[in-house]
Visitor: 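Below you will find the structure I want to go over with you.
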Amino acid sequence: METPAAKIKFGTSGWRAIIAEDFTFENVRLVAAAIGAVVRGQAAQPQVMVGYDTRFLSAQFARACAEVLAQQGISVWLAERDVPTPVIAHHIIARKLSGGVNFTASHNPPCYNGIKYSTAYGGPAPKDITQAIEEQIALFQRQGVPASARAAAAIRTFHPRPSYVAALTGLRDIAWRRRAR
């Protein structure tokens, strides 16, 4: 008996589901392919950061997502360890990336994980973008994910915290100087 496809719906700042129920590697790859299709439609040479938190399997989900995006010809910056959402937003902006994917379920119980997609401005994707992603997901669920005709792009791993901390330190120094006047 075939099980029905999961309804993947983006809510506030992303899609969340219970790990091993609907939040599976198959569905993560499906969502990554849909995000990739939308990003490719918006940028000639897209670059995306992929990060994750400390939830169960987040690093492995992030790696699977990075591989799907790279197979679509998208250059990927993959965090080499867990990072908080503000660090991802900082790097999207600082590196002038097309967007970012973050594996986190935020405040949801530990049995959940989630995918947040942020656009080039570093914040959560607006409704029109998440709707486009959902439409791609539905299309791929009906027709399958097409094989990419593009050459696989690079996946670069890096540690994003040092430059984020340096940026914060710079802001602190600016604030201190302003108060000293």
Side-chain angles (χ1 to χ4, degrees), residues 8-17 23 28 31-70 72-108 110 112-134 136-137 153-176 178:
I8 298 173
K9 184 97 173 112
F10 277 60
T12 305
S13 198
W15 169 61
R16 295 173 190 89
F23 204 92
V28 164
V31 173
I35 290 170
V38 170
V39 169
R40 281 193 340 262
Q42 297 174 332
Q45 294 180 315
Q47 294 187 66
V48 173
M49 179 175 173
V50 178
Y52 56 93
D53 67 9
T54 59
R55 292 205 182 228
F56 181 66
L57 292 176
S58 283
Q60 292 85 347
F61 286 131
R63 170 57 76 173
C65 174
E67 290 169 355
V68 169
L69 294 172
Q72 293 177 312
I74 297 170
S75 295
V76 179
W77 294 87
L78 176 63
E80 62 186 32
R81 59 161 299 163
D82 57 283
V83 291
T85 300
V87 174
I88 295 170
H90 167 76
H91 279 280
I92 292 169
I93 295 165
R95 293 181 186 271
K96 296 181 170 80
L97 303 180
S98 308
V101 179
N102 186 12
F103 285 83
T104 179
S106 302
H107 61 280
N108 289 280
Y112 281 78
N113 208 331
I115 298 175
K116 292 183 178 184
Y117 175 65
S118 299
T119 58
Y121 68 85
K127 189 73 173 160
D128 63 317
I129 301 294
T130 59
Q131 284 177 331
I133 294 168
E134 289 171 354
Q136 282 294 310
I137 291 167
I155 297 175
R156 298 175 198 91
T157 58
F158 75 110
H159 192 340
R161 285 186 185 169
S163 66
Y164 178 71
V165 170
L168 289 178
T169 302
L171 292 174
R172 184 198 69 215
D173 291 344
I174 291 169
W176 178 82
R178 285 183 183 151

Visitor: P126 and T119: which non-hydrogen atoms are nearest, and at how many Å?
Guide: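 Shortest heavy-atom separation between P126 and T119 comes out as CD-CG2, 4.0 Å.
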Visitor: Of all the heavy-atom pairs spanning R40 and P46, show the shortest one and how long it is.
Guide: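 Shortest heavy-atom contact: CG-CG, 4.2 Å.
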Visitor: Between side-chain atoms of residues 83-102 and protein atoms elsewhere (two or more places apart, or another chain), which donor-acceptor pairs fall under 3.5 Å?
Guide:
| from | atom 1 | to | atom 2 | distance (Å) |
| --- | --- | --- | --- | --- |
| T85 | OG1 | N102 | ND2 | 2.8 |
| H91 | ND1 | R95 | NE | 3.4 |
| H91 | NE2 | P160 | O | 2.7 |
| H91 | NE2 | S163 | OG | 3.0 |
| S98 | OG | Q47 | N | 3.1 |
| S98 | OG | Q47 | O | 3.4 |

Visitor: Once rounded to the nearest 0.5 Å, what's the spacing between atom CD of E134 and atom CD1 of I137?
Guide: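 One finds 6.5 Å between CD of E134 and CD1 of I137.
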Visitor: Test side-chain contact (heavy atoms from CB on, under 4.5 Å) on I35 and V48; report intermediate values, then the result.
Guide: CA-CA 10 Å; I35 290 170; V48 173; 5.8 Å; no
Visitor: Extract all donor-acceptor atom pairs below 3.5 Å that involve side chains of residues 50-70 and protein atoms in other chains or at least two apart in sequence.
Guide:
| from | atom 1 | to | atom 2 | distance (Å) |
| --- | --- | --- | --- | --- |
| Y52 | OH | E80 | O | 3.3 |
| Y52 | OH | R81 | N | 3.2 |
| D53 | OD1 | R55 | N | 3.0 |
| D53 | OD1 | S58 | OG | 3.1 |
| D53 | OD2 | T104 | OG1 | 2.7 |
| R55 | NH1 | N108 | O | 3.3 |
| R55 | NH1 | P109 | O | 2.7 |
| R55 | NH1 | Y112 | O | 3.0 |
| R55 | NH2 | S106 | O | 2.8 |
| R55 | NH2 | N108 | O | 2.7 |
| S58 | OG | R55 | O | 3.3 |
| S58 | OG | N113 | ND2 | 2.9 |

Visitor: Kindly say whether A33 contributes a backbone atom to a donor-acceptor pair with the side chain of Q72 at under 3.5 angstrom?
Guide: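 Indeed, once roles are kept as given, a pair shorter than 3.5 Å links the two residues.
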Visitor: Would W77 and I155 satisfy side-chain contact (heavy atoms from CB on, under 4.5 Å), going step by step from the backbone distance to the final call?
Guide: CA-CA 6 Å; W77 294 87; I155 297 175; over 6 Å; no
Visitor: Under a 4.5 Å cut-off applied to non-hydrogen side-chain atoms, are Q136 and I133 in contact?
Guide: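 No, their side chains stay 4.5 Å or more apart.
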Visitor: What do the steps show when you test Y117 against W15 for ring-ring contact (aromatic ring centres under 6.0 Å, His included), and what is the final call?
Guide: CA-CA 9 Å; Y117 175 65; W15 169 61; over 10 Å; no
Visitor: Kindly indicate whether the side chain of M49, heavy atoms from C-beta on, has any atom under 4.5 Å from the side chain of S118.
Guide: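 Of all side-chain heavy-atom pairs linking S118 with M49, none is under 4.5 Å.
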Visitor: Between F10 and V31, does a side-chain contact (heavy atoms from CB on, under 4.5 Å) hold up when you go through it step by step?
Guide: CA-CA 10 Å; F10 277 60; V31 173; 4.0 Å; yes
